[in-house]
Amino acid sequence: MKYDYSGLEVKWRQKWKDDKLYKVDVDTAKPKYYILDMFPYPSGAGLHVGHPLGYIASDIFSRYKRQKGFNVLHPMGFDAFGLPAEEYALATGIHPADSTAQNIERYKEQLDNIGFSFDWDREIRTCEPEYYKWTQWIFTLLYEHYYDLSADKAESISELRKRFSSSGTENISAFSSEDHHFDAKEWKAYSESEQEDVLSSYRLAFRKRGYVNWCAALGTVLANDQIKDGLSERGGHPVARKAMDQWCLRTTAYAERLLSGLEKIDWSSSLKTIQRNWIGKSSGARIFFQIDGHDDKLEIFTTRADTVFGATYMVVAPEHPLIDRIVTTEQKAAVKDYRSYVSLRSERDRMTDVKEVTGVFTGAYAKHPFTQKNIPIWIGEYVLMEYGTGAIMAVPSDDDRDHAFATKFELEIIEVVDKTGFPDASRTDKVGVLQNSDFLNGMSVKDAIKKMGEEITRQGFGEVKINYKMRDAGFSRQRYWGEPFPIVYKNGIAQTVDSDSLPVTLPVTDDFKPTTDGRSPLSRLTDWVKLDDEFTRETDTMPAVAGSSWYFLRFMDPNNPAAFASAEALDYWQDVDLYVGGAEHAVAHLLYARFWHKFLYDLDYLPTDEPFKRLINQGMIQGVIEFLPMIKDANDHITFVSYDLLTDEMSGHGKLAFIPVFIDYVSDYGSKNSFLSAEGLRSFLEWRPSYKSATFKTNNGHYENSQFLSNEEDFRFVTKSEVGKMSKRYFNVVNPDKVVSEYGADTFRIYEMFLGPIEQSKPWDTQGIEGVSKFVRKLWNLFFTDEKLDINDDEPTEAEFKVLHTAIKKVSEDIEKFSFNTAISAMMICVNELRRIKCNKREVLEPLLKLFAPFGPFTAEELWQLLGHKDSIHKSDYPIHDDKYLQQNSFDYPICINGKKRVMKSFAVDTPKGEIEKSALAMEEVQKWIADKNVVKVIVVPQRMVNIVVK
RNA sequence: GCGGGUGUGAUGAAAUUGGUAGACAUGCUAGACUUAGGAUCUAGUGCUUCACGGCGUGGGGGUUCGAGUCCCUCCACCCGCACCA
């Protein structure tokens, strides 16, 4: 029988579907195992070859665990809200709901083609009201809770209200963004909105003035990611920082628990480090500097309290609210200019651009708390409003940026740490002895930090404080395609929508164009916004992270209309045992999901306080990105210059840009010789008609005024190739469907796993897929002689058992380690061996088939049925290796002279060390090397090697 | 700028965690078979040398009997950095 993958794939796909082979329910008789993939955003480009990498790995693991006797929950769904669908809608007029539904259908079909064992009865989509009802519900809980520091968990706001009414802020230890001090009487005297202001500094969901990247020309807020060199990536319009009221989640309240929770989960150390650095815990001090001639104090945070005497000026962020009050008349114009310059700079630019230091003097001075000297207050873009307090004391002697700033503006530098004892230390290293620092003189940096902490506390200048770099999560989007907030306003005061009125459904409209003033498109739907009784709805929507922050819980009980998940389901499934996904989610998604999970745990809805026990980051399958170099001249005329013509002079111009081009238009894409032919250029212009009047200069041909001014056949515009992310924005997506139809799903699955370690990123290419395809066919052919099934029931030999059990051992160990490439290589070795010894015994081939089943589910199932089994191989048990077949009697020792292998010699495994040493030294080949030298030492490592050291 | 990662033959990679560098594949070379195929099989294939041998895991240095693996330092590339998902 010939191996016909497409026929058997179609057959089994249907059969598995009809039988609901992968349907799973709570089954207390079996141990549970929850294996989760990061669910995809259903982009219009369809699934690309990078997506399945993680899915294949988790699918192999799921099938393996099922065979091992676990009740495996392995669901799939779609993160269906998001910006691309909305942008697509703006471009085409197709409603996001329609395009999303269409994309999901395509994704599902593609996923099924690859033979994943998802339980589709549990599919969820974050954009469906049945789902986002509970996203909104959790949001209302966040709104109605605060973080109680003494209980170390979330508690209800109504409780806090009661406590305020009875005893004010006394005995309250709660996480708040402000310091409040009032008694019960004062509290009661506050107006409703004043009370709300106070409470909102405690709520875990709250509104705050935040800065966004506002692009007036596009009428929309942009991600840092969508900005290139201060201009919008789309259209190249200017982008400015704009203050807007935003919903935020008080993730900072959970900073400590998010940090300590990392201890007990099985994630890679690099991922934990990334989260730790993101949370960015640092202990330091906050210090208040009195502003000269004002009542205001400037609050700063520093980790280097020891260097206070080296503080020769202050720097505040350009957005700092104090600036307006303290700036002097003479400096007003300069400050205004500087702030408008900075408003055009993205946060990324401000952090990255260190070559040029910028800043402006406010004219105001602060009093140094210890010396009483007046020190100038400057504004500098390198201080960010969102970090710490948005102000620093600058110590040019011990901070690089401060030093650069002081040098440029000729500000005083006082060396306060003597590092002569540490010649290799850099400016910022915390070593040395304090000098020029009054009572700190002679102390080590470490002691001085401690001493200064005590001193500022004692004298009332400040206090020791722990600071986190992590900010509260911005949770508002001025977009259409997201979850509406379950919030209504009356007289400007927010309140939540009753839980029995949830969900607040996203109104259907075709008018999702952004507004000109930055408000959400929903604000235009006045019928929807305005409710009875003077209530109006919140018109912002939630970000895409909302739906993905808790979806793993919904999978436990996805169709429950009465709760986000039943207590029974939560109690059985507990948490995710294994989570597989891309490292690009290392912070945002994984941190927010942990935050939501901990919050729900605090409210006793969940049995566990960490959602993901073990996490594997699959690497990224990269693609090739092809660019066309483009130059815009002063008259806005666009010239594309072939990459080989591009000179440094042009590159230095600043007007040069690289325009990504759809890779299918590029000949020989991915190579050094990639180019656009005349036909490719025509396709490009069809695709990007705005460039129709542009000029294309090349070494081989010229295109201008919409026509070729040279022989079209010779036209050759060299493009610039890079390796990078496979993404719709680079027009370089490679679709798995083609590979699946050409080689079969099993070969595709095994090939992706065979490419290399799962965590590693690599560019996609199909070199080598032949070898995998050959392996699958060889395995198939083991069962046949002259295309007829030929299996015999004889007892296998020792040698045959050894081949099989070596593979069983290696493959099971490797699956546990997520080392699929080496597991596959072990199976290849096994198949090659069995072929060589012409083994067609049932007792060997059946276990081999079970071993192979998680990797090649279709082929394995077909052969299993041909062997006469009625039940699916995917319900069979996993083979266990027996050490008795693996025992070795002898070991081939490499004999090394000074660490270099010279000869091999075999010894029985139980040969004593001394004997090995003796006979090794006696060997002729060894004598040759050591004859005229002294043997200093002989090292024998049993079952490893022998090393003879000579001089 | 900050943070994380990677670097081994022509290519994807492996290496029992300090013990034979290059398993398993791809590619290439030669041969066999022939129903001439993008099929299958056999042998070879790190570099260098006629050979003995020498060299070899991004560069440089160190620890060790022994380093791809540990330490220091430099370089290159990839990923993330809060409104892409």
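We use all heavy atoms of the structure for the numbers below, so side chains are in, but hydrogens, waters and symmetry mates are not.
No engagement by A/Arg836 is indicated, since no non-hydrogen atom pair under 4.0 Å with the nucleic acid exists. A/Thr822 comes within 4.0 angstrom of the backbone, heavy atoms only, and of no base. Within the 4.0 angstrom heavy-atom criterion, base atoms lie near A/Met945. Here A/Asn213 lies out of heavy-atom contact (under 4.0 Å) with every strand. At the heavy-atom level, A/Thr220 lies nowhere under 4.0 Å from the strands shown. Residue-level contact check: A/Pro40 touches neither bases nor backbone, having no heavy atom under 4.0 Å from any strand. When heavy atoms are screened at a 4.0 angstrom cut-off, A/Phe754 is found touching base atoms of the nucleic acid. A/His585 comes within 4.0 angstrom of a nucleotide base, judged by non-hydrogen atoms across all strands. Note on A/Gln622: only backbone sugar-phosphate atoms sit closer than 4.0 angstrom, heavy atoms only; bases stay farther off. Here A/Ile939 lies in heavy-atom contact (under 4.0 Å) with a base. Looking at heavy-atom distances under 4.0 Å, A/Gln478 makes contact with a base. Among the protein residues, A/Met904 comes within range of the nucleic acid bases, having at least one heavy atom under 4.0 Å from a base atom. The residue A/Asp79 sits close only to the backbone: its heavy atoms come under 4.0 Å of sugar-phosphate atoms, none of a base. Counting non-hydrogen atoms under 4.0 angstrom, A/Arg902 reaches the backbone sugars and phosphates but no base.
For the pair A/Asn224 and B/A82, the criterion of a side-chain N or O lying under 4.0 Å from OP1 or OP2 is met. Between B/C24 and A/Lys810, no contact under 4.0 Å exists linking OP1 or OP2 to a side-chain N or O. For the pair A/Asn832 and B/A25, the criterion of a side-chain N or O lying under 4.0 Å from OP1 or OP2 is met. Contact annotation: A/Asn821 side-chain N/O to B/A14 OP1/OP2 distance is under 4.0 Å. Phosphate contact (OP1/OP2 of B/C41, side-chain N/O of A/Arg835, threshold under 4.0 Å): present. For B/C83, the OP1/OP2 oxygens have a side-chain nitrogen or oxygen of A/Arg477 closer than 4.0 Å. The phosphate of B/G66 has neither OP1 nor OP2 within less than 4.0 Å of any side-chain N or O from A/Arg944. One finds no side-chain N or O of A/Gln246 lying less than 4.0 angstrom from the OP1 or OP2 phosphate oxygen of B/C83.
The existence of a salt bridge linking A/Glu538 and A/Arg207 is confirmed by a sub-4.0 Å separation between a basic side-chain nitrogen and an acidic carboxylate oxygen.
Take the nearest nucleotide of RNA chain B for A/Gln943 and for A/Cys896: the residue whose nucleotide is more 5' is A/Gln943.
Taking the six-membered ring where the residue is Trp, A/Phe512 and A/Tyr480 present tilted rings, their angle falling between 30° and 60°. Relative ring orientation between A/Phe891 and A/Tyr893 is described as perpendicular, the plane-to-plane angle rising above 60° on a 0-90° scale split at 30° and 60°.
Of the nucleotides present, B/A30 is the one that pairs with B/U42 by Watson-Crick or G-U wobble criteria, both distances under 3.5 Å. Checking B/U17 for Watson-Crick or G-U wobble geometry (two distances, each under 3.5 Å) identifies no partner in any strand. The pairing partner recorded for B/U11 is B/A25, the criterion being a Watson-Crick or G-U wobble arrangement whose two distances lie under 3.5 angstrom. Base pairing analysis places B/C77 opposite B/G5; the two distances defining the Watson-Crick or G-U wobble pair are each below 3.5 Å. B/C83 makes up no base pair with any nucleotide shown, lacking Watson-Crick or G-U wobble contacts both under 3.5 Å. Across the strands present, B/A67 finds no partner; the criterion is a Watson-Crick or G-U wobble pair with both atom distances under 3.5 angstrom.
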task: Report the C-alpha distance between A/Tyr382 and A/Asp402 in whole Å, list the side-chain angles of each, state the deciding distance to 0.1 Å, and finish with yes or no for side-chain hydrogen bond (donor to acceptor under 3.5 Å, both in side chains).
output: CA-CA 9 Å; A/Tyr382 75 96; A/Asp402 294 349; 2.8 Å; yes
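The separation between A/Arg276 atom CZ and B/C81 atom C1' is 18 Å, rounded to whole Å.
For B/G60, the base is anti relative to its sugar; the glycosidic angle deviates from 0 by more than 90°.
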